[in-house]
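Okay, so here's the structure we're looking at.
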Amino acid sequence: MAKPKIQYECSACGHLSAKWLGLCPACGEWHTFEEKFTEKKSSSKKHKVDISNTESPDAVALSEVKQSKEERTSTNLVEFDRVLGGGVVDGSFLLLGGDPGIGKSTLMLQVAKERSDLKILYIAGEESASQIKQRAGRIGMSGENLLIYNNTDVRNVIDQARKIKPDILVVDSIQTVFSSELSSLPGSVQQIRECSAMFQQLAKKEGITTLMIGHVTKEGDIAGPRILEHMVDTVLHFEGDQSQLHRLLRGVKNRFGPANEVGVFEMRDTGLHEVINPSDLFLAEMNSDISGNCVTCIMEGSRPILIEIQALVTPSNYSTPQRTASGFDQRRLSLLIAVLEKRAAMGFAGQDVYLNVAGGLKINDTAADLAVVAALASSLKDTPIRDKSLYIGEVGLGGEVRRVPFLKQRLSEAEKMGFKNAVLPVSDTAGTFNMKLNPADHLMKALK
Ligand code: TYD
Ligand code: MG
């Protein structure tokens, strides 16, 4: 009797190998290979190369292609619509990823609450209908328009969707849906690939807007095959610190609108609330009488957000002083300390340095460099920074203050929030504002 064939499959990219491997040669991930029994092929006929008699549609000139106008449905949540580019495109296929408990299911319920005129079919693979009802009670919705389906067999789901013809189909989550024709477990690469392909067809052929929720791995990628992200039209990430109230909805990929746009929400006990002015949220507890606090403006997509950077520099009790950063790249912090030591003659040897971005936000924008440097200098000298001052600029290794994009938008956000001073790179694009602008080309000048 022939033994069943065992193969090993990478759970990240689906690469197959006859042997177990620690490192996937295709995607470079470690420890992702899982055992997989291959199903018997129904026919063992060899695939023959034959190019005779192929009948297929002809290629069409681009100018002849009929353009279908994309219709959008608003979610009535301004922050959600902003990320989507003005509402969800009808018949599109979306993926919403995020850590467990961040609020993905709540967001979906809230769309159903806001658009009570839309029929929404909700495939509940993670929670029972009564749990969902309980949550709906918390956010204050009755939910006549929301149909809950507690079955995760993909065939049944698709039959239901065809029968009900919902305006939006929500699959919560893709990792719980399975096809009974496959032997692998729900959540495996094969299952996810197969089921998503079926939902994709449903979206494209029947025009049903389909929104899949996906889990996120430790590294922050959407669990399952990479191919999932290629299949969908839009990938959204819901992120935030569980210990903090705010949540960011980020558009990672968007075939129908801007990518990298950000929507801001706040998780309260009555569900998610939109934050129309995030600067207000992040500066709420700002105290400018304390040394080491400095405000900068970062860009999230096309949105300027004012945030507070806090530094604490204290004499160290260790032979190797500590450098700790939260919300900011640790290596960049070391670099900026080195620049301060060399170019501004400040001594951080024997000093512990702690840096914190208030509100639990993570920043990647180099425009925050100057504020980090100012906060460090302020804490080292124990002198508070003047009230209502904004610091923007990238700091180079020579101590020069470099230009940053979107200077105008950043400054007008600060003006709106009542800032009176701004230290910024020398630039002719700054414009005129109702505050004092202090252009600086070098660190030494900026820190004066
Ligand atoms: P949930 O939407 O279940 O997260 P996900 O689907 O991403 O796993 O969100 C659950 C969390 O949100 C849970 O920790 C409780 C919290 N929450 C509130 O704080 N307020 C609320 O009104 C609701 C509905 C949930
Ligand atoms: Mg959930």
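Counting begins at 1 with the first residue of the sequence. What you see below is based on every heavy atom in this structure, not just the backbone, and it leaves out hydrogens, waters and symmetry mates. Indexing begins at 1, ligand by ligand and atom by atom, following the structure's order.
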Taking every heavy atom of P25 against every heavy atom of F33, the minimum-distance pair comes out as CD-CZ, 4.3 Å
Going by ring pair (Phe, Tyr, Trp, His ring centres under 6.0 Å), name the residues that satisfy it together with H15, two or more places apart in sequence or in a different chain.
none
With F93, which residues qualify under ring pair (Phe, Tyr, Trp, His ring centres under 6.0 Å), at least two apart?
none
Kindly write out the residues that satisfy salt bridge (charged side-chain N to carboxylate O under 4.0 Å, His left out) with E413, not counting sequence neighbours, or none if the list is empty.
K416
To the nearest 0.5 Å, atom CG of L361 lies from atom CD1 of I307 at 5.5 Å
The Mg ion (ligand 2) to T106: any N/O/S contact under 2.8 Å?
no
Once you restrict both partners to nitrogen or oxygen, which atoms of ligand 1 have a protein partner under 3.5 Å, and how far apart are they?
| unit_1 | atom_1 | unit_2 | atom_2 | d |
| --- | --- | --- | --- | --- |
| ligand 1 | 2 (O) | S105 | N | 3.3 |
| ligand 1 | 2 (O) | T106 | N | 2.8 |
| ligand 1 | 2 (O) | T106 | OG1 | 2.6 |
| ligand 1 | 3 (O) | R135 | NH2 | 3.0 |
| ligand 1 | 4 (O) | G103 | N | 3.1 |
| ligand 1 | 6 (O) | S105 | N | 3.0 |
| ligand 1 | 6 (O) | S105 | OG | 2.6 |
| ligand 1 | 7 (O) | I102 | N | 3.4 |
| ligand 1 | 7 (O) | G103 | N | 3.0 |
| ligand 1 | 7 (O) | K104 | N | 2.8 |
| ligand 1 | 7 (O) | K104 | NZ | 2.8 |
| ligand 1 | 8 (O) | G101 | N | 2.7 |
| ligand 1 | 20 (N) | R138 | NH2 | 3.3 |
| ligand 1 | 20 (N) | R268 | O | 2.7 |
| ligand 1 | 22 (O) | R268 | O | 3.4 |
| ligand 1 | 22 (O) | D269 | O | 3.2 |
| ligand 1 | 22 (O) | G271 | N | 2.6 |

Any carboxylate oxygen within less than 4.0 angstrom of a Lys/Arg side-chain nitrogen, looking at E239 and K362?
no
